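See below for the structure under consideration.
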Amino acid sequence: MATRRKANPRLVKSYRTYTSDELADCLGIHVNTVRNWMAVGLEPIDDQRPYLFRGDVVRAFIERQRANAKRPCAPGELFCLRCREPKRPAGGLVDYEPMTETSGDLLGICPDCDAVMHRRITRHQLEALNRILDVTTRPRRCA
Ligand SMILES: [Zn+2]
């Protein structure tokens, strides 16, 4: 399964609000992608479920993600969306969450703003990272 990363921010109308499902429909992405976005900093209007997202916030988020995709992280660094730059995680501590047999999500805490930072890596990269970071592997999540 290929990851679809080409969400077009222009499909989102700035002046309306969307539920996760509506957003996924509108952008032609999986609703899990919206959940992942929340995990990396997309903020709903409030904590009430179903979550509602403001169109302009979503657009800004997608544009930021695109810009971030162009900024490579050094080995051992994760990208902090809040600080908008790659950071070495606090204490050199990261969690690895396997998503598939061969790849997963690396999570660490930004040393400057305490935001959770994510980085998609392969198992192969993980082995190299093990030497420079303190990696805890979490059990695989059921989708
Ligand atoms: Zn930060």
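The model shown is predicted, which means the values in this text are computed figures rather than measured ones. When a ligand or atom number is given, it counts from 1 through the structure's own listing order.
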Would you give me the side-chain donor-acceptor pairs under 3.5 Å for residues 42-51, sequence neighbours excluded?
residue: Asp46; atom: OD1; partner: Gln48; partner atom: N; Å: 3.0
residue: Arg49; atom: NH2; partner: Tyr51; partner atom: OH; Å: 3.3

If the condition is side-chain hydrogen bond (donor to acceptor under 3.5 Å, both in side chains), which residues does Asp56 pass it with, not counting sequence neighbours?
Arg54
Keeping to distances under 2.8 Å, can you name the protein N/O/S atoms close to the Zn ion (ligand 1)?
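The answer, once waters are left aside, is Cys80 SG, Cys83 SG, Cys110 SG, Cys113 SG.
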Determine, using the 4.5 Å side-chain heavy-atom cutoff (strictly less than), whether Tyr18 and Val40 are members of one ILVMFWY cluster.
yes
Do Leu133 and Arg88 have side-chain heavy atoms sitting under 4.5 Å apart?
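The answer is yes, as the side chains (C-beta and beyond) meet within the 4.5 Å cut-off.
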Ile121, Leu129, Asn130, Leu107 screened by side-chain contact (heavy atoms from CB on, under 4.5 Å) with Tyr96, the one that passes
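Exactly one pass, corresponding to Ile121.
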Check ring-ring contact (aromatic ring centres under 6.0 Å, His included) between Phe61 and all other residues, then give those that pass, not counting sequence neighbours.
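By the ring-ring contact (aromatic ring centres under 6.0 Å, His included) rule, Phe61 matches Trp37.
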